[in-house]
Structure formats: C-alpha cells, structure tokens
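On a predicted model such as this, the values are computed, not experimentally measured, just so you know.
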Amino acid sequence: MNILWGNKKAKQWLKGLSTLSIAYFIALAPNLRAETNVPLDAQSQWDMHKEKVEQWQPAWGEVENWVEAITVKKAVSASDDALQTLLFDRQIRLESDGSLTQYYHLRQRINNRVGLESAGRLAVTIQPSYETLIFHHYDRERNDVKSTLIDRDKIELLRQEDEIGNSIYHGTLTVTQIFDDLQVGDIVDYSYSVKGRNPILGQAYSDYWRMGWGSDIAQVRLRIIIPESLTLNVHASESLPEALIESNKKERSYTWHLEDYKAKIVPIDTPPWSFDYPLVEVSEYENWAAVAQWSHQVFETPLSTQVDWVKANKIINNKRLSKKSKAEKLLDLVQEEVRYFGIETGINALIPSLPNETIQRQYGDCKDKSVLLTQLLRQADIKADTALVSSSITKGVKERMPGPHVFNHAIVRATIDDRIYWLDPSLSHQGNELPSQGFPDYGYGLLVSAHSNELELIEPPHSLDYRIIVEQVFMTDKDPMSMHMTREYRGQFAESTRYGVDSMSKSIWNLEVDSYYQKLYSGLTRVREQHEDSLDSNVYKTQHEYEITEDLMLNGQYWQIELYADLVREQVDIPNYVDREDALYIGAPASVEQTMIIHHQYGILDLDYESVEVSGFAFDYRSDINLTKDKITVQHFLTTKIDAIEPERLAEYVQDLRRVHASLNTVVLLQSPEEQRFEQRNNSLKDRLRKLLKKSS
C-alpha cells in the first residue's frame, strides 16, 4: 500500500509547495544501482508503468499461515457512528530479503444511511509497479447469516489520482466494486493482503502506524513480524499498552491490542507537529547519520551531474554579480522556469531526475528542482546541499524515530558570505531578494550528505517581515462621500497575495474585495483600483476607492460610521475549542497595522471608543486615537510572538484576546449637513429671540 506524499498547495502562501510520495522519494538501493545507475527519463518511466498497469489484476487466495487469527468481540456497545468499526486488524511481516506482506482484516456495522453509502463500495488503492493484492474474503452478515459480496466479474480497476490537481501523477490503481444488496444493520467483514515493497527501499526498514482515530473502535490490533536476526528499534506512544513480544529461532513479533478505543476529536487548529493519536514507529536506522548515509546514496548520481543550462550559465559567469545576487537569480530561474509537475510511476521515478533532463522537459517535483538548484549553486562556487524536511509535521521530526518515513519534501541550504540561507525552489511568487522573502517553518532538516550526523534547525538568516499594513479613509466632507482602502502586504503576505491575484486574475480579485467591503458597508461602488508589486522589497500593495452611492449611513439626523479592525480580528480569533488537551496553533509570528481615518467638517456628536494595551506572552497589542478639528484617526497595532499556545496557558491567552476584541470596534456619530443647517437655523432663531427679549426689557 502506498503512503502518498502529494504536492500540498496550502491555503495562503504555502500554495505551490511540493511534496512527494514516501515511496517516490527514495532512490535506488546500492544493490540495484549496479543494474540502473541513472533514472530513466519520464517517457520511459511512463511506458514501463503503462505496461504494468495493463497487465495488473488482483488475485484471490487463502490467508497465509503466519497470520494469527483474532477472536472477534461479539458484545459491542452501540455507537452513533455511521459506519461503526468493530475490528481493525493489521499484521505486517518483513522477510530477511526485505520483502513485505501486509494483512488487513476489517469488520464494520452499518448504522444509518450515511454508513450504507460508505460501505456500499469496495475501494483498495495499490501501486501496480510493485504491489500485488490478494483478497481473502468479503462477506456480509445479516441476522447471523453470512454471504459473499465480492464478485470477480464485477471488479473494476480505476486510475484515480487524488493529487492530479496538485500536479502529481502517482500512477496508482483503485480496485473497486459496487455492492448490490446492503442494508442498515448489516455487518461487513473482509480481509485482504498486499504483497510487495518498493525494491529501491533496500534492506533497511522504517515505518509508522496510527492506533487511534476520530471514531470508536471495538478492537484495534497491530502485529509486526520480523526476522529474529533483525535489530529493529520500536517506539510506541505512552498511552498504548506494552507490546506483547514473542520469538522463536527464526522470527520475532510485536503485538499491540486495544479494546473499546474511544474516539478522540483533534481540532483542526492543532499544531502540525503534535502527535494526537497513539502511534507505533519502527526503524532499523540507529541514528540520523545512518539516514543521511542513505540519502547520500539516494541522490548521489543526480548530485554529481554537471548542469548545462544557457540561462543559468549567463548568471553563473557574470563577474559583476555577487554570490548572493547569483543565488537570488538562480533560485528565481528554477522557481519560474521549471514548473512543478511529477510523473511518479514505477521504481525509476523514485530517484531525483538528472538535472539536464529536468531542464529539457521544463518540469519536475521538489526533489528534481532542489537537486537542480543545488548543482547550479555549486557551479556558481556557492556551497550548497539538498536537505530533507517535513512540510506536514515540521519541527515534529525531532521527536520521531530516525528514518526516511518522516520526510516528505526537499529544499536547499546555501552558505553565502558565512551566512546560511534556506531556499525552497518549489515555492513561487517570492520576492527577488533573499532577506525579504518569506519562508515556511519546516522546523528541522537533514542534509543530503555522507557527512551529516544530526537534524539541523532551520532558521532564516534574517528577521522575517511578515506584515499587513492597512489604511482605510472615509471622506465624509466630499460629495459624494467616499472610502479609500489601501493594503500593503509584506513577506509571506505579499507572496500569498501575489499568488492569489495571479491565480484568479486582478478583475476577479477586485470583485472579491468589493464583495467583502460591501458586506461591511452598504452602498459602495468601486470607482478606481490599483495594484503595485515591488519584487525587490517583496511588497504587494493594493488600492481601492469607493463612492458611497446610497445614503445608508444616514441615521435620522446624523451619520453613523463603524470603524472595524477586521484585519487585526483575523489574527486574534478566539478558538472554537477552548477546553482542550491539545495546543492551539496560531501560525508563524506576524504583524498587522490597521489605520482608519474619517475626514469630516460637521462636528462629532458621539464617539464610542475604548483604548486598550495588551502585552501578553503570545502577542502585543495597542490601539490609539487622535482627534483634530476635522479628522478622526484610529490605529491598531498587533504583533504575535509565538506560533502555538500550550493548553495550560490557553485561558490566559483567551483572556488577552477578549481585551483586544473590546477595542476593535469604534462607532462614530457625525453631524450631517442637514443637522448642521437645522442647528444653524435654530441658533439663529435663538439669537434673534434673545435680541428681541433684550430690546423689550
């Protein structure tokens, strides 16, 4: 079974970030390299894979005798899960020659119509290049009567690519069948085995398995069988029971068995590096140095290939450019000239492509682009290494067992003028100069080098300027009234905005902005917009001007204008889950400066404003107001300091948030022209009346 590492184009500035499949990330093992010294080109990979797909078929067979039967628990308490899991049994057997068999036995009860829809279709995904699927049984139990569901003649093979939208083609097959006769209350019981392991994984073995999910499970078992001669490091979460270890002269097994596992709901705002479900890890790698040795063998051939690229050579040979400038231009060249796409089928797609092939076809995945950039930097006499990171668990790799299984992404580390720069050639829409570029928080990386011994902390060589600066101006002293909105995005915010504008076009982007502000302020009509993009400073600036065409801001005899610090609010949202065991992820430290101005000429009737200053452990915030004869200026400044809030400090954090929320909304009542004229007439009448009274006296 494949564990896929796809290109994860995250919401904002991480869009475009490329990742791989675990299997697709690993190069030829030493014993295979003698037969295949270099990767095949993309067309050859595809031709070989297509032939295997056309010939591939699932098989039927008995359960092998090494599989240990499990006694199915009959008395299971009722659950409100749509599809209740009664049994999830996994047994893995690793042979001394490195071959692998994975056995699965699942038992599920259909509790409602939603569960019926889920259970009504068989779907098992495999990699036809090296995996064989063997069905053992697929039965339905209704009123204690068992019948077979699976039908060889109804099995279909589908090429379903769950990451083709992310420019990754894995070449997997989904074995599927739609079942005709299922009802609510039925129990589906089935088992199958997957034989095969990507041969280029070599002899060393590492993997991990979750032992818990967001639903109740009556029985969960994991059993691992390995050769007795194999030294395997095993680590299990503290919440799991001790493993039952059994051995004979040939094999040794580890078994974890849970009963009545209770669901754990993990909020989506939990830090990516948190391990929230019970986990079992195994690895033959003693330390990270051993993994580095493996990675060196993986990338050895592509990283020893001279690159010949005319555009790059002009940069490399330009004596007027400093090393830093060369690095900036080469990074931009690889980011923009080599589009992200990975045809990752068959074992020959598991190693980085040769740099010249990547240039020729003008596309590649993260390992291809990182190898290419590494070689170009080296040819520019810049010390550079490819590095392995995890974009999913980031700094959490530090807590995991050493092994290739923890990584899913490749980047580059360059040393220029004694400063270390981390570069990601799979990103796009970055600024031109390294100090102003945004960079993901990958936590730790492992250099692809025979001399690397430990994970290395990834720290940018500069203070990243992640800011949004907003100015919102109401011109109530003009006819018609107008609102001017200026947004200035810096660092990662500039890159995500740049990407967003390019993705949807400026016209659609402007319409989205219009829609957003028309929900806050009725009667807006855009009369002008402008986009300014400064790649050198990595600043993206937008300006939108609106006429207030409807008199909806008129309330009786006065105008009511609400100034709402919406951009600040986005950064200090109160979490949905406050009573929690998990940390709260609030994102990389950033700053927001929001200024709102009202120009007026008829006087202030009332002003609802509360000045607040918060200096907390997680962020600093203050709001200011300045009043002159014809202008009101309200400012909000927010700077976050950390990326996550531990559960024991969450109450303190929320208390600080509530203090901020109290000052985000400012309501201003202004005198309207009609009210001013009425007041002037009223004052004039009062003056005349006083004069008459004075004369009569």
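- Here the side chains of Leu173 and Pro128 are in contact, with some heavy-atom distance below 4.5 Å.
- A distance of 6.5 Å separates CD of Glu281 from CE of Met401, quoted to the nearest 0.5 Å.
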Salt bridge (Lys or Arg N to Asp or Glu O under 4.0 Å) evaluation trace for Arg580 with Asp582: CA-CA 6 Å; Arg580 54 197 288 164; Asp582 312 280; 5.3 Å; no
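- In this structure, a donor-acceptor pair under 3.5 Å is absent between the side chains of Asp276 and Thr270.
- Under the 4.0 Å criterion applied to side-chain N and carboxylate O atoms, Lys195 and Glu64 are assigned as salt-bridge partners.
- The minimum heavy-atom distance linking Tyr103 with His136 is given by the pair CE1-CD2, 3.7 Å.
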Steps toward salt bridge (Lys or Arg N to Asp or Glu O under 4.0 Å) verdict (Arg649, Glu652): CA-CA 5 Å; Arg649 304 204 70 177; Glu652 180 185 354; 3.0 Å; yes
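- Heavy atoms of other residues, nucleotides or ligands lying less than 6.0 angstrom from NZ of Lys73 number more than 12.
- His429 and Gln335 are not linked by any side-chain donor-acceptor pair at a separation below 3.5 angstrom, with hydrogens and angles left out of the test.
- Taking the side chain as every heavy atom from C-beta outward, Trp422 and Glu456 approach each other to under 4.5 Å.
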Intermediate values then yes/no, side chain to side chain contact (heavy atoms under 4.5 Å, CB included), Leu331 and Leu373: CA-CA 7 Å; Leu331 172 63; Leu373 179 60; 3.7 Å; yes
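- Checked by atom type and distance alone, the side chain of Gln127 pairs as donor or acceptor with a backbone atom of Ser129 at under 3.5 Å.
- For Lys367 (side chain) and Leu388 (main-chain N/O), no donor-acceptor pair under 3.5 Å exists by modelled atom type.
- Side-chain atoms of Tyr104 and Gln102 include a donor-acceptor pair closer than 3.5 Å.
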Worked check of side chain to side chain contact (heavy atoms under 4.5 Å, CB included) between Val298 and Glu300: CA-CA 6 Å; Val298 167; Glu300 181 181 3; over 6 Å; no
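- In terms of modelled atom types and a separation under 3.5 Å, the side chain of Lys369 and the main chain of Val334 share a donor-acceptor contact.
- Here the two rings, on Trp273 and Tyr585, have centers that are under 6.0 Å apart.
- Of the possible donor and acceptor atoms, none in the side chain of Arg221 sits under 3.5 Å from a partner among the backbone N and O of His257.
- The backbone N or O of Leu87 sits nowhere less than 3.5 Å from a side-chain atom of Thr85 that would complete a donor-acceptor pair.
- For Arg197 (side chain) and Gly98 (main-chain N/O), a donor-acceptor pair under 3.5 Å exists by modelled atom type.
- Between the side chains of Ser193 and Thr101, not a single donor N or O lies within less than 3.5 Å of an accepting N or O.
- Relative to the six-membered ring of Tyr208, Arg400 meets both conditions, a distance below 6.0 Å and an angle of at most 45° to the axis.
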Audit row: Ser237, Ser239, side-chain hydrogen bond (donor to acceptor under 3.5 Å, both in side chains) steps and yes/no: CA-CA 5 Å; Ser237 299; Ser239 59; 4.9 Å; no
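- Looking at heavy atoms from C-beta onward, Tyr442 lies in side-chain contact with His409 at the 4.5 angstrom threshold.
- At least one side-chain heavy atom of Ile92 sits less than 4.5 Å from a side-chain heavy atom of Leu222.
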Can I get a per-line list of side-chain donor-acceptor pairs under 3.5 Å for residues 242-249, giving both atom names and the distance, sequence neighbours left out?
unit_1: Asn248; atom_1: OD1; unit_2: Lys250; atom_2: N; d: 2.8
unit_1: Asn248; atom_1: OD1; unit_2: Glu251; atom_2: N; d: 2.6

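- Side-chain contact check for Gln84 and Gln108: no donor-acceptor pair (N or O, by modelled atom type) lies under 3.5 Å.
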Pair Asp643-Lys395, salt bridge (Lys or Arg N to Asp or Glu O under 4.0 Å): steps then yes or no: CA-CA 12 Å; Asp643 55 10; Lys395 66 181 71 174; 3.1 Å; yes
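- A donor-acceptor pair under 3.5 Å links the side-chain atoms of Thr305 to the main chain of Thr301, judged by distance alone.
- Looking at Glu454 and Lys398, no side-chain N of the basic residue comes within less than 4.0 Å of a carboxylate O on the acidic one, giving no salt bridge.
- Figure legend: Arg210 and Tyr277 shown as a cation-pi pair, the cationic atom lying under 6.0 angstrom from the six-membered ring centre and within 45 degrees of its axis.
- Side-chain contact between Pro575 and Asp269: present, with at least one pair of heavy atoms (C-beta onward) separated by less than 4.5 Å.
- The backbone N or O of Ser353 lies less than 3.5 Å from a partner atom in the side chain of Asp368, making a donor-acceptor pair.
- Taking a 6.0 Å sphere around CD of Glu581, one finds it holds 12 or fewer heavy atoms contributed by other residues, nucleotides or ligands.
- Screening Asp465, Thr640, Thr639 for a side-chain hydrogen bond (donor to acceptor under 3.5 Å, both in side chains) with Ser591, the sole residue that qualifies is Thr639.
- Panel note: side chain Gln437, backbone Gln430; no donor-acceptor pair is recorded below 3.5 Å.
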Audit row: Arg378, Asp385, salt bridge (Lys or Arg N to Asp or Glu O under 4.0 Å) steps and yes/no: CA-CA 9 Å; Arg378 289 176 177 178; Asp385 292 285; 3.3 Å; yes
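- Proximity of Phe439 to Ile411: side-chain heavy atoms (C-beta onward) are separated by under 4.5 Å at one or more points.
- Residues Trp288 and Asn453 fail the side-chain proximity criterion, which asks for heavy atoms closer than 4.5 Å.
- Considering only heavy atoms from C-beta on, His451 stays 4.5 Å or farther from His296 through its side chain.
- Contact record, Ala387 with Leu447: CB-CD2, 3.9 Å, taken as the closest heavy-atom pair.
- A donor-acceptor pair is defined here as one N or O able to donate and one able to accept, closer than 3.5 Å; no such pair exists between the side chain of Glu284 and the backbone of Leu230.
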